[in-house]
K.L.:
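Structure below; questions to follow.
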Amino acid sequence: MLEACGLTCSKRDRTLFEGLSLVVNTGELLYLRGPNGAGKTSLLRILTGLSEPDSGAVLYNGVNISEDKTGYYRDLFYLGHKSGTNGSLSALDNLSFWLAQHSISMQENTLYDVLAKVGLVGLEDVPVRYLSAGQQRRVALSRLWLKPAKVWILDEPFTALDVKGVHLLETSMKEHVSRGGLIITTSHQHLSETAGEHRVFDLEYRF
Ligand SMILES: Nc1ncnc2c1ncn2[C@@H]1O[C@H](COP(=O)(O)OP(=O)(O)OP(=O)(O)O)[C@@H](O)[C@H]1O
């Protein structure tokens, strides 16, 4: 269970949210919506421990994430809205580097299976900067299937994906939740029925 307790966050002179509390249980998909600038990314970054709130706390299974970041990060997969890849490196090298960074050992066959899943076989050796926007997104998304994380926090994961890519991701979300995973995702497009049941949390734009 992931719990936000009374979170307040201000950027420059604007309070994005104040005393925000929410609970997301295992086996649940939370769809975080809101207009541009409402503070969705800011909230997600706090929920991952990458940013500190001005006040409030985030608890994972009842423990403040700032007290056990290692334990939390073991269970967490975070996809930011930037791809987080090195454009000079190929998909294969980017993913191998990422696996090493996260101390995940993996057979090359399994890595190729994931590349096949996201439709990148044949492009695995091309520097990522030469791939299309959707293909670059697929490289970033591949990590979802490389780390067995219980908690997925996804910031606009559908950006640049084609219809098949959206379907693949929504199907994976539904499967993850049915296995007891927990997902928080933002998106400016509606989640379809393929993503399964989900709860909506609307973040209003505060002036
Ligand atoms: N590091 C920062 N310094 C100053 N202002 C920031 C910083 N990060 C975010 N902001 C401001 O906070 C507000 C919320 O930004 P945020 O990225 O959280 O919004 P969002 O809801 O994710 O928007 P979008 O839908 O456009 O992605 C914006 O007005 C942004 O300019």
Side-chain angles (χ1 to χ4, degrees), residues 2-24 28-60 64-66 69 72-73 76-87 118 128-129 131-144 149 151-163 165-170 172-173 176-177 181-192 194-196 198-207:
L2 191 63
E3 210 174 342
C5 309
L7 297 178
T8 296
C9 174
S10 301
K11 298 283 184 192
R12 283 176 247 148
D13 290 338
R14 190 159 70 88
T15 300
L16 303 180
F17 43 86
E18 190 171 17
L20 183 153
S21 294
L22 65 89
V23 175
V24 190
E28 192 174 21
L29 166 56
L30 185 86
Y31 171 27
L32 174 62
R33 298 189 307 196
N36 290 138
K40 301 179 296 299
T41 295
S42 305
L43 175 58
L44 293 190
R45 286 180 58 82
I46 291 170
L47 293 176
T48 60
L50 287 171
S51 302
E52 290 292 323
D54 297 315
S55 60
V58 178
L59 310 186
Y60 178 55
N64 191 321
I65 60 169
S66 62
K69 277 204 171 153
Y72 182 45
Y73 286 168
L76 175 69
F77 175 81
Y78 172 57
L79 182 81
H81 61 73
K82 291 186 183 151
S83 73
T85 52
N86 181 332
V118 297
V128 161
R129 69 167 176 272
L131 298 178
S132 74
Q135 288 167 339
Q136 291 190 28
R137 195 70 190 161
R138 284 163 181 262
V139 175
L141 272 174
S142 302
R143 301 161 182 154
L144 258 187
V151 178
W152 292 2
I153 296 187
L154 311 174
D155 197 351
E156 297 183 33
F158 299 103
T159 302
L161 289 182
D162 60 18
V163 172
V166 170
H167 185 79
L168 171 68
L169 182 54
E170 287 193 334
S172 299
M173 286 176 163
H176 187 62
V177 164
L182 180 168
I183 305 175
I184 302 176
T185 189
T186 64
S187 176
H188 287 295
Q189 61 192 82
H190 289 293
L191 292 184
S192 83
T194 310
H198 52 271
R199 182 156 58 93
V200 173
F201 186 92
D202 282 313
L203 194 60
E204 306 294 335
Y205 188 101
R206 291 170 60 129
F207 290 91

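Order of listing sets the numbers, starting from 1, for every ligand and every atom in it.
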K.L.:
What protein heavy atom lies closest to atom 24 (P) of ligand 1? Include the residue and the distance to one decimal.
P.N.:
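The protein heavy atom lying closest is N36 ND2, 3.5 Å.
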K.L.:
Identify whether NZ of Lys or CZ of Arg in R14 sits under 6.0 Å from the centre of the six-membered ring of Y205 and within 45° of that ring's axis.
P.N.:
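Yes, a cation-pi geometry.
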K.L.:
Is the contact between K11 and ligand 1 made by the side chain, the backbone, both, or neither, using heavy atoms and a 4.0 Å cut-off?
P.N.:
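Side chain only; the backbone of K11 stays clear of ligand 1.
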K.L.:
Just by modelled atom types, is the Q189 backbone N or O under 3.5 Å from a matching donor or acceptor in the S187 side chain?
P.N.:
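Side chain of S187 to backbone of Q189, a donor-acceptor pair under 3.5 Å: yes, one is there.
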K.L.:
Look at the rings of Y72 and Y60 and say which category their plane angle falls in: under 30° parallel, 30 to 60° tilted, over 60° perpendicular.
P.N.:
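Answer is tilted, since the angle falls between 30° and 60°.
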K.L.:
Can a non-hydrogen atom of E156 be found less than 4.0 Å from any atom of ligand 1?
P.N.:
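The answer is yes, since E156 has a heavy atom less than 4.0 Å from ligand 1.
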K.L.:
Could you check atom 23 (O) of ligand 1 against the protein and tell me its nearest heavy-atom contact, residue, atom and distance included?
P.N.:
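Going by distance alone, atom 23 (O) of ligand 1 is nearest to G37 N, 2.9 Å.
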K.L.:
What protein heavy atom sits nearest atom 18 (O) of ligand 1, and how far off is it?
P.N.:
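Ranking protein heavy atoms by distance from atom 18 (O) of ligand 1, first comes S42 OG, 2.6 Å.
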K.L.:
Select one of side chain, backbone, both or neither to describe which atoms of L43 lie under 4.0 Å from any atom of ligand 1, heavy atoms only.
P.N.:
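For L43, there is no contact with ligand 1 at all, from either part.
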K.L.:
Provide, to 0.1 Å, the distance between atom 31 (O) of ligand 1 and the closest protein heavy atom, together with that atom's residue and name.
P.N.:
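The answer is R12 NH2, 3.6 Å.
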K.L.:
I'd like to know whether ligand 1 has H188 as a neighbour, heavy-atom separation below 4.0 Å.
P.N.:
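So H188 counts as touching ligand 1.
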K.L.:
Closest non-hydrogen protein atom to atom 19 (O) of ligand 1, residue and atom name please, with distance?
P.N.:
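The closest heavy atom on the protein side is G39 N, 3.4 Å.
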K.L.:
Go through it in stages, so that I can follow the logic: the residues are E170 and S192, the test is side-chain hydrogen bond (donor to acceptor under 3.5 Å, both in side chains), and I'd like the CA-CA distance, side-chain angles, deciding distance and then a yes or no.
P.N.:
CA-CA 8 Å; E170 287 193 334; S192 83; 2.4 Å; yes
K.L.:
Quick one: look up the protein heavy atom nearest atom 25 (O) of ligand 1 and list residue, atom name and how far away it is.
P.N.:
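Nearest protein contact, heavy atoms only, for atom 25 (O) of ligand 1 is K40 NZ, 2.7 Å.
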K.L.:
Carefully, step by step, assess T8 and D54 under the rule side-chain hydrogen bond (donor to acceptor under 3.5 Å, both in side chains).
P.N.:
CA-CA 5 Å; T8 296; D54 297 315; over 6 Å; no
K.L.:
In the protein, which heavy atom is nearest to atom 17 (O) of ligand 1, and how far is it?
P.N.:
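Answer, as residue, atom name and distance: T41 CB, 3.5 Å.
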K.L.:
Judged by atom type as modelled, is there a donor-acceptor pair below 3.5 Å linking the side chain of T186 to the main-chain atoms of E156?
P.N.:
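Here the side-chain-to-backbone pair exists.
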K.L.:
Less than 3.5 Å between some nitrogen or oxygen of G34 and one of ligand 1, yes or no?
P.N.:
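Between G34 and ligand 1, no N or O pair is found under 3.5 Å apart.
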K.L.:
Testing R138, R137, H167 for side-chain hydrogen bond (donor to acceptor under 3.5 Å, both in side chains) with D162, which one passes?
P.N.:
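Only one of R138, R137, H167 forms a side-chain hydrogen bond (donor to acceptor under 3.5 Å, both in side chains) with D162, namely R138.
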K.L.:
If you count the atoms of ligand 1 from 1 in the order shown, which ones are under 4.0 Å from a heavy atom of P35?
P.N.:
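Reading through ligand 1 atom by atom, the close ones are 21 (O).
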K.L.:
Looking only at atom types and distance, does a side-chain atom of S83 sit under 3.5 Å from a main-chain N or O of Q136, one as donor and one as acceptor?
P.N.:
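Not at all, since once roles are kept as given, no pair shorter than 3.5 Å links the two residues.
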K.L.:
Contact between L7 and I46 at the side-chain level, heavy atoms closer than 4.5 Å - yes or no?
P.N.:
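In short, these two side chains touch, coming nearer than 4.5 Å.
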K.L.:
Looking at atom 29 (O) of ligand 1, what's its closest protein heavy atom, distance included?
P.N.:
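Ranked first by proximity to atom 29 (O) of ligand 1 is R14 NH2, 3.1 Å.
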